[in-house]
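Worksheet: one structure, shown below.
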2 protein chains.
Amino acid sequence: MEPDPQTCCAQTLPAHWMDLLRSQGGRVTRSRQRVLEAMAQLGRPSTAQEIARSLGRRACNLATVYRSIALFENMGLVRRVELGDGQTRFELAGDDQHTHHHHHLFCKRCGRILKVEGCELSRFEASLARDHGYTEIEHRLEFFGICPRCQSTRTAGSPQHSPGTMVRPDRRRPAQ
Amino acid sequence: MEPDPQTCCAQTLPAHWMDLLRSQGGRVTRSRQRVLEAMAQLGRPSTAQEIARSLGRRACNLATVYRSIALFENMGLVRRVELGDGQTRFELAGDDQHTHHHHHLFCKRCGRILKVEGCELSRFEASLARDHGYTEIEHRLEFFGICPRCQSTRTAGSPQHSPGTMVRPDRRRPAQ
DNA sequence: TTTACTGCAAATAATTTGCAGCTTA
DNA sequence: TAAGCTGCAAATTATTTGCAGTAAA
């Protein structure tokens with residue numbers, strides 16, 4: 001897996017997450033710390049399984065990973081990413097270069113995930129708020145396509161992520 | 001549930017779906033016809049359960065609903081919609097006024113789903129293709145907010161859809 | 001010490017699949 | 001007829017939960 005600056009850059013842990021956690025009555029435990037570190041190291045939207053597995057030896061229970069993620073998601077430390085392949089992924093959410101709001105470009109063949117920045121939808125959100133009276137509007141936007149490598153191989157390339165757990169191609173195709 | 005032109009408009013069945021199905025070696029069966037009719041009548045992204053239940057008496061097996069949906073999705077007759085609440089929904093995909101490409105505005109409290117049109121991302125897609133060499137680029141975009149009714153009730157309003165199966169508010173919050 | 005957190009196993013829930021019988025072409 | 005469907009029940013898979021023991025604060 002060659003390095004891809006836009007794909008596999010280790011993320012940064014949201015600063016002050018410990019304080020944030022404590023301020024909400026939570027405890028800073030080794031498990032939670034490890035889950036966050038694993039997510040940061042993975043540097044891309046990852047499933048609970050991937051996160052648990054990446055912890056390897058010092059693994060913490062899958063149930064704990066789920067519980068930690070749920071907690072972090074409610075704290076706004078983690079955001080969920082759904083790419084229509086039936087798997088729910090999570091990534092760190094923050095406001096620095098690596099964790100701030102962004103989107104993804106997902107290869108429909110191999111599952112490669114590219115980070116996409118610079119989408120400007122705030123004006124559109126404003127018009128939605130005005131036209132329909134909604135508040136607190138936010139959005140999720142994902143792109144799908146065929147990556148360069150897959151174009152040349154013609155066949156479904158080797159999945160970049162979680163080798164061995166390739167999702168069925170059929171479900172990967174977003175009904176556009 | 002008052003009528004909402006943008007939410008609950010019965011959709012139209014994709015024309016020629018029978019021919020399309022047959023041309024791919026599939027058979028036009030009563031079950032498949034009913035599943036499509038149910039989706040058209042529901043007129044909004046619906047889960048397999050909702051589709052099966054809406055068929056009421058003349059119900060067809062849940063497994064069959066899943067199989068039909070999968071088939072239709074691969075044919076491009078149905079597209080999947082994920083709103084981050086852990087449920088996978090499906091809606092008719094076509095090119096007429098009701099089924100063409102569009103997005104949704106999902107109320108984070110009651111789950112009301114509003115259809116959103118007029119998003120212009122093709123230029124952005126083109127730049128993605130140019131910059132990263134991807135082809136066949138498409139996208140999925142969903143908006144989340146608090147609908148007017150929920151703003152006034154302060155509490156989680158009655159869910160517009162599938163009463164009784166309200167998802168946990170915690171999971172409804174998209175990690176922005 | 002107190003009470004939240006964790007591991008483990010059992011429980012749920014959403015999908016999928018095997019198979020034998022039923023239908024469409 | 002023949003192959004593709006369908007219902008039903010069992011099997012999977014992802015995720016959640018109960019509980020008793022462990023560890024933050």
Side-chain angles (χ1 to χ4, degrees), chain A residues 17-19 21-36 45-53 55 57-75 78 80-90 162 164-172, chain B residues 17-36 46-53 55 57-75 78 80-90 162 164-172:
Chain A
W17 69 270
M18 296 188 182
D19 299 330
L21 215 193
R22 268 190 281 256
S23 73
Q24 299 188 17
R27 288 179 182 177
V28 176
T29 68
R30 180 161 303 186
S31 291
R32 291 177 179 172
Q33 198 153 325
R34 283 180 178 158
V35 168
L36 282 181
S46 314
T47 64
Q49 301 256 16
E50 290 173 328
I51 293 169
R53 229 176 307 159
L55 285 171
R57 183 107 327 283
R58 313 159 306 165
C60 83
N61 193 281
L62 225 203
T64 299
V65 172
Y66 275 112
R67 281 188 278 228
S68 300
I69 290 176
L71 175 70
F72 295 147
E73 190 185 7
N74 287 324
M75 289 172 59
V78 158
R80 103 171 26 209
V81 178
E82 294 186 321
L83 300 174
D85 62 356
Q87 306 219 230
T88 302
R89 277 165 253 253
F90 302 89
S162 57
T165 55
M166 177 91 171
V167 285
R168 254 151 305 160
D170 281 350
R171 299 200 54 184
R172 186 160 272 168
Chain B
W17 69 269
M18 296 188 183
D19 299 330
L20 189 58
L21 215 192
R22 268 190 281 255
S23 73
Q24 301 190 13
R27 289 179 181 176
V28 176
T29 68
R30 181 160 304 185
S31 292
R32 292 177 177 174
Q33 197 153 324
R34 282 179 179 160
V35 167
L36 282 181
S46 314
T47 64
Q49 300 256 14
E50 289 173 329
I51 293 169
R53 229 177 305 159
L55 285 170
R57 183 106 327 285
R58 315 157 307 164
C60 82
N61 193 281
L62 225 203
T64 299
V65 172
Y66 275 112
R67 281 188 277 228
S68 300
I69 289 177
L71 175 70
F72 295 148
E73 190 186 8
N74 287 324
M75 290 171 58
V78 159
R80 98 171 30 207
V81 178
E82 294 187 320
L83 300 173
D85 62 356
Q87 308 221 228
T88 302
R89 278 165 253 253
F90 301 89
S162 58
T165 55
M166 177 90 168
V167 284
R168 256 150 305 157
D170 280 350
R171 298 203 50 185
R172 185 159 272 167

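Per chain, numbering begins at 1; letters A, B, ... match sequence-line order.
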Interatomic spacing from CD in B:E50 to CZ in B:R53 - rounded to 0.5 Å = 6.5 Å
Atom OG1 of A:T47 and atom CG of A:D85: how far apart are they, to the nearest 0.5 Å?
-> 9.5 Å
Determine the minimum heavy-atom distance between [X] and [Y], stating which atoms define it.
X: B:R32; Y: B:R27; answer: NH1-O, 2.9 Å
X: B:R34; Y: B:L55; answer: O-CD2, 3.6 Å
X: A:M75; Y: A:W17; answer: CE-O, 4.4 Å

Does [N] have OP1 or OP2 sitting under 4.0 Å from an N or O in the side chain of [X]?
X: A:Y66; N: D:dT15; result: yes
X: B:T47; N: C:dA14; result: no
X: B:N61; N: D:dC8; result: yes

Atom [atom1] of [X] and atom [atom2] of [N]: how far apart are they, to the nearest Å?
X: A:Q49; N: D:dT13; atom1: CD; atom2: C1'; result: 8 Å
X: A:R53; N: D:dT13; atom1: CZ; atom2: C1'; result: 13 Å
X: B:Q33; N: D:dC5; atom1: CD; atom2: C1'; result: 14 Å
X: B:I51; N: C:dT15; atom1: CD1; atom2: C1'; result: 14 Å
X: A:M18; N: C:dA4; atom1: CE; atom2: P; result: 21 Å
X: A:L55; N: C:dG7; atom1: CG; atom2: C1'; result: 15 Å
X: B:Q87; N: C:dA13; atom1: CD; atom2: C1'; result: 10 Å
X: B:E82; N: D:dA14; atom1: CD; atom2: C1'; result: 14 Å

When you measure from the side chain of B:L62, which nucleotide among D:dT17, C:dT15, C:dC5 comes out closest?
-> C:dT15
Counting heavy atoms from C-beta on, name the nucleotide in C:dG7, D:dT6, C:dA14 closest to the side chain of A:R67.
-> C:dG7
Anything under 3.5 Å between a donor and an acceptor, one on a side chain of residues 61-71 of chain A, the other on a protein residue two or more places apart or in another chain? List them.
residue	atom	partner	partner atom	Å
A:N61	OD1	A:A63	N	2.7
A:S68	OG	A:T64	O	2.8

Any side-chain heavy atom of B:T88 sitting closer than 4.5 Å to one from B:E82?
-> yes
Distances for protein N/O vs nucleotides 20-24 of chain D N/O pairs under 3.5 angstrom?
residue	atom	partner	partner atom	Å
D:dA24	N3	A:R27	NH1	3.2

